[in-house]
Peer 1: 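If you scroll down you'll find the structure; I have some questions about it.
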Amino acid sequence: MRSFAFVDLVSLVTAVQWTVLLVVLALVFGAPLGLALATARISRHAPLRWAASGIIQLIQGVPLLGLLFFFYFGMPVFLGLQVPALIAVTVAYTLYTAGFLGDIWRGSLQAVKQAQWEAGACLGLSLTQQFFHIIGPQALRMATPPTVGFLVQLIKGTSLASIVGFVELARAGQVTSAATFQPLLTYSVVAAIYFALCLPLTLWSRSLEARLNGAR
Amino acid sequence: MALVEIRDVYKKFGHVEVLKGVSLDVAEGEIVTIIGRSGSGKSTLLRCINALETIEGGEIRVEGRQIHAKMPDLRQFRQRVGIVFQAFNLFPHLNVERNVTLAPLLTGGIGKAEARALAEDVLTRVGLADKIDAWPEQLSGGQQQRVAIARCLAMKPHLMLFDEVTSALDPELVGEVLKVMEAMARQGMTMILVTHEMGFARNVANRIVFMHQGRVWEEGPPAELFAHPKTPELKSFIASVK
């Protein structure tokens with residue numbers, strides 16, 4: 001047995017890169033999927049709307065932990081596929097991100113007045129042009145604060161990956177705590193690191209909100 | 001041949017019949033004003049001409065071609081028909097210049113270099129050349145509506161539709177918008193307007209169409225129609241707007 005030392009702090013800070021990697025992967029794959037879900041949700045084709053709505057409901061209705069268990073423990077059982085932990089958690093966080101961002105962005109798109117689509121259509125613009133030049137930019141302003149808010153949730157949510165054995169910040173905390181028998185100190189440091197990751201985003205989100213409320 | 005031919009058009013919203021067999025011809029260069037009580041179907045008729053609404057019966061032809069929402073070159077058609085709405089519907093995230101030039105740039109009418117000149121030209125025609133770099137929210141209602149008109153003019157339309165364009169404006173701002181429309185009328189633009197501005201209808205329009213209960217109830221030159229309304233419905237309408 002040894003006590004919490006500088007080396008432990010280094011190991012925790014090093015584990016942050018895996019937390020960040022999870023967040024980046026979740027966004028890289030989840031954001032495009034979320035955009036697809038959001039546009040499907042406002043599509044003219046009813047089956048597409050229903051499908052997107054069903055997927056979003058399902059993802060939001062299942063605990064994140066459930067998604068992680070399903071892809072880590074369930075895939076080998078159902079598909080006979082032994083998936084590496086990184087892939088299993090990436091899939092789970094991708095869906096989680098897509099489900100929530102999809103809904104946030106759907107709301108932002110719908111918050112732009114219908115008349116704006118019509119104004120574009122009357123000028124002879126195609127649906128795609130209306131989306132990218134008229135509706136999208138306006139929705140983006142509204143979507144930014146809640147999107148950053150979700151990002152904070154996502155960062156904290158990556159701690160659940162520790163449960164399936166993925167060594168990110170929370171899991172590194174468990175390991176350190178077991179080695180030093182100083183859980184209180186260790187987890188305080190872990191919590192402080194999460195806080196340090198999230199605080200700038202929260203502040204940024206708040207300033208964005210203030211700026212966008214005052215803007216056009 | 002008339003520029004716009006409307007033949008026996010029917011339109012329903014759910015179970016409500018809004019247009020019940022409307023027929024109307026508008027010749028090139030003509031200024032036709034549609035008046036009537038709210039709910040008489042006048043705005044719906046205007047929206048049908050631009051295929052913003054699908055019709056259940058009859059047909060609408062513009063420049064001889066039948067108009068419907070599924071026509072393959074709907075976008076090209078709409079570039080030639082300008083429509084201005086009561087609520088302006090400017091793009092709030094774009095400045096005045098970009099509002100006016102967005103569609104010409106995207107639909108390939110002009111290049112980036114010509115965009116500024118085009119914006120200056122159409123904004124001059126609506127008396128707002130000095131607002132080219134302003135944002136919509138910095139403009140008064142009357143100015144916003146004039147930018148909306150300029151945005152249509154930038155597409156070089158053959159036909160302009162105006163849907164109660166002064167109804168949302170403060171009374172002292174109505175005049176500046178009407179003045180722009182009068183100037184367009186003098187330049188020979190074909191215009192169909194739905195309006196409550198009886199003064200404008202009387203002085204500028206070649207023909208007044210009075211709609212009632214989804215039908216063209218009465219039509220004729222303004223002087224005649226206002227002086228000698230034939231139907232009791234038009235009589236009471238004229239009395240109510242005086």
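Lettering follows sequence order; numbering is per chain, from 1. Values below: every heavy atom of this structure, side chains too, minus hydrogens, waters and symmetry copies.
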Peer 1: Output every pair passing ring pair (Phe, Tyr, Trp, His ring centres under 6.0 Å) with a member in residues 19-67 of chain A, not counting sequence neighbours, ordered by first then second residue.
Peer 2: none
Peer 1: Crowded around B:E182 CD? As in, over 12 foreign heavy atoms under 6.0 Å?
Peer 2: yes
Peer 1: Heavy-atom cut-off 4.5 Å, strictly under: side chain, backbone, both or neither for B:R151 against chain A?
Peer 2: both
Peer 1: Is it the case that atom CZ in A:F73 sees more than 12 heavy atoms from other parts of the structure closer than 6.0 Å?
Peer 2: yes
Peer 1: For B:F91, check ring-ring contact (aromatic ring centres under 6.0 Å, His included) against everything at least two apart and list the hits.
Peer 2: none
Peer 1: What residues of residues 97-124 of chain A sit under 4.5 Å from chain B when only non-hydrogen atoms are counted?
Peer 2: A:A115, A:Q116, A:E118, A:A119, A:G120, A:A121, A:C122, A:L123, A:G124
Peer 1: Counting only non-hydrogen atoms closer than 4.5 Å, does B:L161 touch chain A with its backbone (N, CA, C, O), its side chain (CB onward), both, or neither?
Peer 2: neither
Peer 1: Is it the side chain or the backbone of B:F77 that comes within 4.5 Å of chain A heavy atoms, both, or neither?
Peer 2: neither
Peer 1: Please enumerate all residues that pass ring-ring contact (aromatic ring centres under 6.0 Å, His included) together with B:F200, with sequence neighbours excluded.
Peer 2: none
Peer 1: Go through the atoms of B:N89 and report whether side chain, backbone, both or neither lie under 4.5 Å from a heavy atom of chain A.
Peer 2: both
Peer 1: Under 6.0 Å from the CZ atom of A:R206, do we count more than 12 heavy atoms belonging to anything else shown?
Peer 2: no
Peer 1: Over all heavy atoms of both residues, which pair between B:L106 and A:Q129 is shortest? Give the atoms and the distance, please.
Peer 2: O-NE2, 3.4 Å
Peer 1: Are any non-hydrogen side-chain atoms of B:L102 and A:I134 less than 4.5 angstrom apart?
Peer 2: yes
Peer 1: Pick from B:Q79, B:R80, B:R98, B:R78: which one has the most heavy-atom pairs with chain A under 4.5 Å?
Peer 2: B:R78
Peer 1: How many angstroms lie between atom NE2 of B:H93 and atom CG of A:L140, to the nearest 0.5 angstrom?
Peer 2: 10.5 Å
